[in-house]
Novice: 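What follows is a structure written as structure tokens; I'll ask about it next.
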Amino acid sequence: MFDAQFNEMYLPDGKVREHFAPLAEWLATMPPKRVAEKRREADLLFHRMGITFAIYGDEQGAERLIPFDTIPRIIPRTEWEMLERGLKQRVNALNRFLHDIYHGQEILKAGLIPAEQVLANDAYQVAMMGLDLPHQVYSHIAGIDLIRDGDGRYLVLEDNLRTPSGVAYMLENRRMMMRLFPELFARQSVLPIEHYPALLLDTLRSISPRAPREPTVVVLTPGPHNSAYFEHLFLAQQMGVELVEGADLFVRDGHLYMRTTAGRQRVDVVYRRLDDAYLDPLAFRPDSLLGVPGLLSVYRAGNVALANAMGTGVADDKSTYPYVPEMIRFYLGEGPILGNVPTWQCRRPEDLELVLERLPELVVKEVQGSGGYGMLIGPAAKKKEIEQFRARLLANPANYIAQPTLSLSSCPTFIERGIGARHIDLRPFVLSGRDVKLVPGGLTRVALEEGSLVVNSSQGGGTKDTWVVD
Amino acid sequence: MLSRVAERVFWMSRQMERAENMARILGVTSNVLLLGSKETREQNLMAPLSIIESEEAFFERHKQLTEKSLIEFLALDETNPASIYSCLKWARENAHAARWQITSEMWETLNATWIEMRAIKRDRVTGAGATEFFDWVKDRSHLFCGVTYSTIVRGEAFNFSRLGTFLERADNTARILDVKYHILLPSVEDVGGALDYYQWAALLRSVSSFETYRALYRDQIFPIKVAQMLILERLMPRSLAACFEQVTQALDCIEGQSDHSVKRLANEMNVRLSHADIEEIFKGGLHEYLTVFLEDISELGSRIQRSYLGTV
């Protein structure tokens with residue numbers, strides 16, 4: 001059952017899906033030489049515009065590109081509308097959950113999630129308890145990673161509620177496609193996404209604690225050595241706000257200010273691209289030079305807004321993930337529109353039994369683990385490894401979750417020789433402030449190695465433009 | 001504009017100008033050494049070090065003062081913050097940190113300069129390729145100025161860049177004049193006396209003003225006229241007066257909050273240069289005049305730092 005994979009472009013009988021038809025016709029008329037030419041042109045433009053990915057510790061200041069594939073990923077509008085409803089619903093529930101666990105903790109009282117799962121979580125911020133946020137929103141910018149199973153059903157693989165990145169690539173990929181292949185956009189009506197920065201600025205302004213006509217919004221970056229610096233810069237420029245580093249900000253008399261050549265200027269909203277632990281050396285990591293001493297006290301006094309709020313990590317944790325469908329039912333009284341990847345929690349005896357039975361075909365992950373550490377990939381493991389893992393699992397079942405081995409959907413992609421099917425995922429960005437908004441599309445990441453399921457840019461993944469078409 | 005970014009832009013331009021000036025000083029030194037007598041050789045070698053006040057730092061690293069060790073120290077030494085190498089490095093570093101406030105052309109110019117600098121063969125610079133290297137540095141600096149002037153939006157970044165360039169240039173012209181005048185004309189009584197034509201011509205060439213002198217004065221080279229031109233002549237783009245015209249113009253465009261003391265001092269210096277008389281300057285002593293001027297520049301620099309670039 002896990003081998004079946006969904007092909008975005010072709011039906012099982014080999015016919016092209018209707019929404020891909022105009023693209024397929026166009027591809028058939030494109031001589032390979034012109035394709036190669038266009039790819040070189042794209043590389044050159046990305047370099048010139050500085051859309052690059054900083055490499056840590058590179059003294060030469062050299063930067064590399066995230067490979068860009070010129071075949072778009074296409075989603076029919078009706079399908080997108082379902083996705084949009086599902087994403088809004090999910091992010092709403094996650095924000096309700098965050099508000100709840102820092103206030104009345106109703107969901108814990110109802111016994112839906114074990115209290116220790118939440119309260120003992122490293123990402124749970126005691127400092128957030130009882131703090132009231134504008135519109136009760138915690139994750140103002142959420143990136144939800146979606147994949148499609150063998151039947152083409154969209155499933156949520158992961159919620160990113162801290163500082164999700166990638167939106168700059170989404171925007172630049174579109175700009176690049178329009179520049180390289182304007183004729184393609186004449187064939188099909190592609191819904192626009194260019195207004196994302198405006199929506200983002202709107203969202204950020206809507207959470208300002210003060211109500212001047214134009215609250216001062218800034219983007220806080222860890223600095224040029226951060227791998228996502230280009231995106232921080234890009235978003236600040238697109239919104240027309242200052243890109244600041246910790247040293248540009250200071251706290252005086254209970255307010256946050258930035259140092260400018262014209263004196264100090266009060267800051268109302270900080271779109272921070274810095275982890276919780278680095279935000280305020282007085283409250284968290286004392287060795288952090290990236291944050292602002294005293295920021296937490298200003299935040300707690302309600303004199304500055306942070307996007308995203310502190311302490312959102314508790315809701316996108318691997319151990320919290322299995323509960324999201326239940327959160328949706330609990331807070332919204334609705335059934336979830338977007339499902340999770342089936343996840344078995346080994347702390348439950350009935351789940352454990354099933355996992356032990358099917359160990360050779362499952363992926364088993366440590367609840368706190370990341371980066372593939374302490375993980376068993378059943379189909380790829382030797383018999384001996386599986387047996388060793390079985391013993392570890394039995395010793396401490398609560399420490400593990402299990403999922404079926406995922407097979408991502410695939411989409412045609414330019415490769416060395418011609419076109420081949422490569423695996424993709426999708427990360428739409430959901431904005432929450434006064435209301436919840438998103439632009440039609442997201443960042444499609446593609447695994448450029450044949451058969452590979454790893455789409456991460458740090459491991460040879462590329463990106464594609466994502467089209468929602470009428 | 002964020003203070004941190006303004007500071008980067010200011011120093012980016014200052015460092016580039018500083019690299020150019022060092023190349024000019026070393027270029028003219030090489031030239032003078034070819035012409036000068038044995039007696040003046042030592043003095044001429046010493047001059048670049050006295051101009052930037054780093055005699056001590058030099059002798060910490062080198063036993064003997066030779067043309068080679070001088071160039072090694074002032075052009076290539078990575079541990080000397082005043083070397084051309086260090087200036088180009090820091091100009092590029094500062095540009096990198098302010099990359100989104102300057103144009104990509106400016107960034108590319110400084111980045112390419114730095115990459116070329118790293119690839120340059122050191123023994124050529126200290127040997128036969130010295131002049132070629134100094135010309136290259138000057139070219140890169142001129143390219144940077146031109147690129148800046150023709151690409152950057154006339155906003156705060158432009159103003160702080162200008163401020164850095166012209167403050168540094170004024171500082172440098174004053175220093176060259178002070179030191180060279182002292183070597184070439186040890187006593188004031190010699191004013192108007194017999195001159196070593198080649199040495200004076202070299203001094204003028206070091207600030208790109210040999211032809212300008214000819215055009216402006218149509219005369220033999222007289223020390224007092226050289227001083228007049230380098231201090232007071234507004235038409236001469238490296239003169240103190242011309243630099244301060246630019247400095248005050250840039251400051252006029254900068255909106256600050258507590259910058260009264262900066263603008264007052266800059267305007268005062270500008271006015272002094274407008275109304276000064278060269279005969280009177282000589283009466284009070286040229287060296288004394290330039291010493292006060294350099295102190296004022298340094299004071300202006302720290303006020304700029306306090307009012308715009310540092311902590312509020």
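Sequence lines set the chain letters: A, B, ... in the order given, protein chains first and strands last, and positions in each chain run from 1. Because the structure is predicted, anything quoted here is derived from the model rather than measured.
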Novice: Counting neighbours of CZ on B:Phe58 that are heavy atoms of other residues, nucleotides or ligands and sit closer than 6.0 Å, is the number greater than 12?
Specialist: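 Buried by this count: over 12 neighbours within 6.0 Å.
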
Novice: Do any of residues 153-160 of chain B have a heavy atom less than 4.5 Å from a heavy atom of chain A, and if so, which, in residue order?
Specialist: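 Residues B:Glu156, B:Phe160 are the ones that qualify, each having a heavy atom under 4.5 Å from chain A.
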
Novice: Crowded around B:Lys263 NZ? As in, over 12 foreign heavy atoms under 6.0 Å?
Specialist: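 Count over threshold, so yes.
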
Novice: Just verifying a value: how many Å separate B:Arg4 CZ and A:Leu243 CG, rounded to the nearest 0.5 Å?
Specialist: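 Rounded to the nearest 0.5 Å, the CZ-CG separation comes out at 7.0 Å.
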
Novice: What part of A:Gln265 gets closer than 4.5 Å to chain B, counting heavy atoms only: side chain, backbone, both or neither?
Specialist: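 No part of A:Gln265 comes within 4.5 Å of chain B.
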
Novice: Quick check on B:Ile120: does its CD1 atom have over 12 non-hydrogen neighbours (other residues, nucleotides or ligands) under 6.0 Å away?
Specialist: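 Yes, the 6.0 Å shell around CD1 holds more than 12 heavy atoms from other groups.
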
Novice: Is it the case that more than 12 heavy atoms not belonging to B:Trp100 sit under 6.0 Å from its CH2 atom?
Specialist: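 It does: B:Trp100 CH2 has more than 12 such atoms within range.
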
Novice: Between CE of B:Met1 and OG1 of A:Thr261, what distance do you get to the nearest 0.5 Å?
Specialist: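 Answer rounded to 0.5 Å: 7.0 Å.
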
Novice: Backbone N or O of B:Leu2 within a donor-acceptor pair of the A:Thr260 side chain at under 3.5 Å?
Specialist: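 Answer holds: no.
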
Novice: Take atom CD in B:Glu255; do more than 12 heavy atoms of anything else shown fall under 6.0 Å from it?
Specialist: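 Counting neighbours around CD of B:Glu255, 12 or fewer heavy atoms of other residues, nucleotides or ligands fall under 6.0 Å, so no.
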
Novice: Give, for atom OG of B:Ser3 and atom CZ of A:Arg264, the distance between the pair rounded to the nearest 0.5 Å.
Specialist: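 The OG atom of B:Ser3 sits 13.0 Å away from the CZ atom of A:Arg264.
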
Novice: When rounded to the nearest 0.5 angstrom, what is the spacing between NE2 in A:His225 and NE2 in B:His96?
Specialist: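 Spacing of NE2 (A:His225) from NE2 (B:His96) equals 7.0 Å.
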
